[in-house]
Amino acid sequence: MAPKVLMVAEKPSIALSIASALSHGRMSTRRGSTDVHEFDGMFQGFHAHFKVTSVTGHVFSLDFPSKYQNWEATDNLDLFQAPVVKLESNPKGHICRHLSQEARGCSYLVLWLDCDREGENICYEVIECTGFNENEVGRRILRARFSSVTEKDILEALENLVKPNKAEALAVDARQEIDLKVGVAFTRFQTRYFQGKYGNLDSRIISYGPCQTPTLGFCVQRYMQIMTFKPEKFWYFSPYIIKDGYELQLEWDRNRVFDFDVAAMFQKLVLDQNVLEVTGVSKNEENKSRPCGLNTVNLLKVASSALALGPHVAMQLAERLYTQGFISYPRTESTAYPASFDFRNVLGAQQNNPIWGNHIRSLLTDGFHKPRMGSDAGDHPPITPMRAATEEMLGNDAWRLYQYICQHFIGTVSPDCKYTRTKIEFTAGGELFHCVGLHVSTKGFTSIMPWLAVKEKNLPQFTKGEKINILKMDLQEGSTTPPDYLSESELISLMEKHGIGTDASIPVHINNICERNYVQVNSGRRLVPTALGTTLIRGYQSIDADLCLPDIRSFIEHQITMVAKGKADHSHVVQHVLQQFTQKFSYFVKKIENMDALFEAQFSTLAESGRLLSKCGKCTRYMKFISTQPARLYCISCEEVYYLPQNGSIKLYKEFACPLDGFELVLFSMSGSDGKSFPLCPYCYNCPPFEGITTLFGSIKLGNSGKLGKGAGMPCFLCPHPTCRHSMITQGVCACPECSGTLILDPISAPKWRLYCNMCNCMVSLPQGAHRISTTSKRCPDCDSLIIEVDFNKKTTPLSDGATLYSGCILCDELLHSLIEMKHGKSFFRRGRGRGRSRGRGGRGRARGGSKNDDPKMSFRDF
DNA sequence: GCAAGGTC
């Protein structure tokens, strides 16, 4: 039987190009998570059956294990040494399962991922999913190295297959771990520190990142230049003359001087003579070069500065134009076209366009130029129009972007612009003056890109030695002006120059600092830092300026390049870099008061914000309700914060108090027209087991029924109060083997199903991804626990016979355990750990962050 | 809820 070859590309479009080239269009296509193209052909001298499919970027992304997900329970310093796990980036896409299924029975795996570090890293993600092994005999892993997806390059790559480069892949692993740990540790720390202190911070998250923070730094740097700018007066003059009917205002070679007396002296010297002598007449033929191919960064700059489209929107539009086949792949660094590129074909597609059709037809008949040599980053060709379009087909904004891409492309194959530059030089009283004339002989590409045209300026004839009277020459006063706020387009240039982000991520970083409210986009797409943005950067500068400098990114890049080149060991580099950041982090925490002093001057403290709402159970004084996100109550005398459910409204609930702790109850109403309401005790809400189960910052999660848990309204098992939010946890399932408590199904956790013991702190994972989990009236004959019923989705059921319903006892049933242990790509079911819940009124810990007194116990079964 | 990098 012919051996099977599985080929995997980075995105569906590349898989299609490869399959088309190798099969000459004779293939069959199967739909799947990503399409699979099949055909027969020759491979390494044998007849083989090919399957070509793709991933969609990274299959996995890095995160902390669930143990470290709780912001309150985790010491941020521990994050630097914490383990990390790779989880599927898009679990619903089932890419991993898809690859594993397609790899069955294949003897060869050929990796056609993009030829950059990220692509090399994805190679190993694919290898992991397919179950291929580098040392296996009989099944081989091969890497295709290609610089474009032309038939020639693809065939050449297939003839020269190599091994994937582990060192480059490891460099990406290193970058991921460093970015994750540094970003998350700083973000969690400063978010909690400042959100716990100030009421009017208008950002839900106060984030830190080695790309986003230097990006913000650039904006604030310009802001500081403007704020500290001191205008200076200067003086200048320009002789006014008339020659052959031309009125001319000559330019002074000194341009301007900053001393009035000196300026006045020069003016007097010139006026005393009052006659200019022509000292030079020169003519130069000059050339303005046509552009190179268009890459992403240049497209984004033009989109922002000329089309008033932000990078984020521009990329969304470009993405759409690409998927609809109007332009080539929009994420590329290259400005050079491959030697074999078919320009005639691209031009042909545009020759009926009403705006530039004429220009194109003349290029096709008179001959066109090859674009100016740009740089080839080895990724994708420059952004090129592929298919003709009209404004009606695309809509206004997409059309303007498409129009630019077309004009730019046509510009690249048009002639250069040629013009004559005439410079006349004058002298009077020892001072030098000049004027410049421009005459265009060939418009070239500027006729299709008129905004780049050379502006004609005619001059009369002058001859050397000629004398001309000055008709007027006043001394003029001017003043230096500060620069304007940083434009988005300038920011993109700075980011590119300093290696902050990539073509794909630059728009994301800019969008982040806008959405987090660190900068605002003003008219002309100029970025003005907010109070929060400037305070943050000034804060970093007051503690450790490295944190907001672009060098922080270059440092990381430099370190991981050593790994990529095989000059340093992956784990040594990660440890070394993390050690440095740990030190920086500790110092930052120690010196946070420097930054806090700036916040104090800028923002109002919790005590100054909000309005009095409900009584504190500890001191019986009224607490303040702070409505800005995250919504919370603050007790001024106890200095405690009590977080509330988000995305809804809060009011006092009948002045009832919780019988457990004496805190007045509040009524939470979810936003929306049919928003549900429920009363809750602010203290109970912030205590385990709620802490870390429902997110303190997130909204209440609804069960599948759309209700707040099946048994909402049932009496609470913790306290006798009928309206306590504890009542939402219901349904005893079985006895906890650790203590005499009852395991309770937590309905608001769906679909992350789990059980809690109401006595000790056990938390038990249930089959994750189940569509519904419920109790039945049956009991287990062995241990007398309630039998639970697990309802899986048809498509995702892990049951081997495809059944969707399974019932069993959580304590005794073997299959249920194996369901929980079952590997489904990554561990299908995650183990959870409960947090200690100290019991009794006085023994309860602080509302937030204080109660680390109880060691979390393991789940009763070590799943 | 958190980073940055792929891609849709």
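So you know, we letter chains A, B, ... as the sequences are listed, proteins then strands, and number each from 1. As the structure is a prediction and not an experimental result, all values here were calculated from the model.
Residues passing the side chain to side chain donor-acceptor pair (under 3.5 Å) test with A/Lys301, sequence neighbours excluded: A/Ser493. A/Gln212 pairs by the side chain to side chain donor-acceptor pair (under 3.5 Å) definition with A/Ser207, not counting sequence neighbours.
Note on A/Asp63: a base of the nucleic acid sits closer than 4.0 angstrom, heavy atoms only. Using a 4.0 Å heavy-atom distance criterion, A/Phe186 is classed as making no nucleic acid contact. At a threshold of 4.0 angstrom between heavy atoms, the contacts of A/Thr187 are confined to the sugar-phosphate backbone, with no base atom among them. Among the heavy atoms of the strands lying under 4.0 Å from A/Gly501 are primed sugar atoms or P, OP1, OP2 only; no base atom is included. Within 4.0 Å (heavy atoms only), A/Tyr329 reaches sugar-phosphate atoms of the nucleic acid but no base atom. Using a 4.0 Å heavy-atom criterion, one finds that A/Arg320 contacts no nucleic acid atom at all. Residue contacts for A/Leu62: at a heavy-atom cut-off of 4.0 Å it reaches a base atom on one of the strands shown. Here A/Asn121 lies out of heavy-atom contact (under 4.0 Å) with every strand.
Stacking between A/Tyr208 and B/dA3 is absent: the ring centroid is not both under 5.5 Å from the six-membered base ring centre and under 30° in plane angle.
Distances were taken from every side-chain heavy atom of A/Arg331 (C-beta onward) to each of B/dG5, B/dC2, B/dC8; the shortest belongs to B/dC8.
Remark: the A/Gln212 side chain and the B/dC2 base include no donor-acceptor N/O pair separated by less than 3.5 Å. For A/Ser207 against B/dC2, no side-chain N or O and base N or O form a donor-acceptor pair under 3.5 Å.
Remark: A/Glu10, A/Lys11, A/Pro12 in residues 6-14 of chain A come within less than 4.0 Å of DNA chain B through at least one heavy atom.
Taking only side-chain nitrogens and oxygens, A/Arg553 never comes nearer than 4.0 Å to OP1 or OP2 of B/dA3.
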